[in-house]
Amino acid sequence: MEPAVGALFPIAQALRSQLEAREQWALYESLEHPLIAVLYDMERTGILVDREVLARLAEHLGADIARLEAELTALAGEPFNLNSGPQIARILFEKLGLKTGRRTKTGFSTDQAVLEELAGSHPFPARLLEYRVLSKLKSTYLDTLPEVMDPRDHRIHTTFNQAGAATGRLSSSAPNLQNIPLRTAQGREIRRAFIAPPDGVLVGADYSQIELRVMAHLSGDPHLIEAFRSGEDIHASTARRIFNLTGDIDPTLRARAKIVNFGIMYGMGARSLAQQMGIGLPEAQQFIAHYFRLYARVRDFLDATLVDARRQGYVATLFGRRRYLPGLQSLNGGERSLAERVAINTPIQGSAADLMKLAMARVHVALMQWVPSARLLLQVHDELLLECAAGDAEAASRIVREKMEGGFDLKVPLEVSVGRGPTWLDVH
DNA sequence: CGAGGAGCGA
DNA sequence: ACGTCGCTCCTCGA
């Protein structure tokens, strides 16, 4: 026996016994251990990047940024560092005399919400918002991604941290490929740089509403379950119930119901809900009370989760992953509240992560057997991105959908939307 | 070099 | 303190 291998046994045995002591061995053996090789393959494969697309975008944004820099300097009447919060605050609140808003530890906040408040009364904050968006995109993505491309294969090889997040999610670093822009039109363009190889195609597969489906399963709430089983639009369904309506739902009401649905999973309070929905605090309190009357099993589930967590000292996911929460016993109200929100969110976010991890291992095995041209490339929490030979896209899509949707024995169906195209932007 | 603020994604 | 989980950029002060 090799000495190095022999020397590992005591360590492996110690780790195993520690996992067994906390009843985490089955989770490791059935889910985390099989995933190691999958992540290794994904990292080693990497994703192909078109350097020219990034360069063109950087050039355009660079010109826009220079123009905004000139405008902002003129509006301020003096040169200043556009990336410095304190200097921005001095211009906004002293020189221009605009109304101060929220405070941070070190001074007045100049974040997006504050600037949007001020944008109506002066062009400076409006221009600064534009500048912030563009400079973020350029410095974080357009300037950085070309530097981390492997010159040998023109690919970017991220590092997936398998035990990176306390909930069980993966994380991605150096570079982080789990936060490539999507929301804004300009940011979205960056996804055009992530491409399929010659004669290949990218395939993307997204879970639809996986966290709400997990909450439906864990809570057993009959209304949530029925909504998912009947294939309804879940936010529209919630809107119909909380607003007591039938038929088509006004987009504004659907958007409000969506805020409620997500807020519930994060343990959101009335104050934050009022802020997000643009309503008064009493109305927000009514809203939450009303929601929990209509979805009583959700409330029971959340209550029981907290009771169990206080008694056991931890919360657990669908597959038994634990998160210990000493903060639940804290005498500090803020710390205790944080721990309570974490206790509510972790079983939901973490169970979704469990399902995705298991699906990845199954997808990997099935693709190796049935579609050898296919490679998993990225996981972005509820999405998988892969590449395969153009002629294999149909087969790969079928397998990915089958392994992501099937074999979990939940009270609600899981739905996956699959798309394909020459760039990452085209798969959605 | 680390803390803080800010902003990108799920 | 005021909705969860991450990573990275930049500034500023040690």
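So that the names make sense, note that chain A is the first sequence line, chain B the second, and so on, each numbered from 1. As the structure is a prediction and not an experimental result, all values here were calculated from the model.
In this structure, N81(A) reaches the dT11(C) phosphate: one of its side-chain N or O atoms is under 4.0 Å from OP1 or OP2. Not one side-chain nitrogen or oxygen of Q112(A) sits closer than 4.0 Å to the OP1 or OP2 atom of dG5(B). OP1 or OP2 of dG7(B) has not a single side-chain nitrogen or oxygen of K136(A) nearer than 4.0 Å. Between S272(A) and the phosphate of dC2(C), there is no side-chain N or O to OP1/OP2 separation shorter than 4.0 Å. Under 4.0 angstrom from either OP1 or OP2 of dC8(B) there lies no side-chain N or O belonging to T140(A). Look at T144(A) and you won't find any side-chain N or O under 4.0 angstrom from OP1 or OP2 of dT8(C). Considering only side-chain N and O atoms, T110(A) lies under 4.0 angstrom from the phosphate OP1 or OP2 of dA6(B). Proximity of S109(A) to the phosphate of dA6(B): a side-chain N or O atom is located under 4.0 Å from OP1 or OP2. For dC7(C), the OP1/OP2 oxygens have no side-chain nitrogen or oxygen of N179(A) closer than 4.0 Å.
Between F194(A) and W424(A), the two ring planes are perpendicular [angle over 60°; tilted spans 30° to 60°].
Using a cutoff of 4.0 Å between basic side-chain nitrogens and carboxylate oxygens, E130(A) and R127(A) are scored as salt-bridged. Of the charged side-chain nitrogens involved, none lies within less than 4.0 Å of a carboxylate oxygen, so that R401(A) and E415(A) do not count as a salt-bridged pair. Comment: R155(A) engages E387(A) in a salt bridge, judged by a side-chain N to carboxylate O separation of less than 4.0 angstrom.
Nucleotides dC2(C) and dA3(B), compared at atom C1', are 22 Å apart to the nearest Å. Nucleotides dG2(B) and dG3(C) are separated by 27 Å at their C1' atoms, to the nearest Å.
Taking the ring centre of Y314(A) as origin, the terminal cationic atom of R321(A) falls outside the region bounded by 6.0 Å and 45° from the ring axis.
Contact check of residues 315-343 of chain A against DNA chain B (heavy atom, cut-off under 4.0 Å) returns no residues at all.
The separation between W424(A) atom CH2 and dA10(B) atom P is 9 Å, rounded to whole Å. Whole-Å rounding puts the F262(A) CZ to dT4(C) P distance at 15 Å. For R102(A) and dA6(B), the CZ to C1' distance is 11 Å, given to the nearest whole Å. In this entry the distance linking CG of L137(A) with C1' of dT8(C) reads 13 Å, nearest Å.
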With a 3.5 Å cut-off and sequence neighbours excluded, list the donor-acceptor pairs that the side chains of residues 34-46 of chain A form with protein atoms.
| unit_1 | atom_1 | unit_2 | atom_2 | d |
| --- | --- | --- | --- | --- |
| D41(A) | OD1 | R44(A) | NH2 | 2.7 |
| D41(A) | OD2 | H364(A) | NE2 | 3.3 |
| E43(A) | OE2 | F160(A) | N | 2.7 |
| T45(A) | OG1 | D41(A) | O | 2.8 |

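Residue contacts for S172(A): at a heavy-atom cut-off of 4.0 Å it reaches the sugar-phosphate backbone alone, with no base atom in range.
Residues satisfying the side chain to side chain donor-acceptor pair (under 3.5 Å) criterion with H223(A), sequence neighbours excluded, are R241(A).
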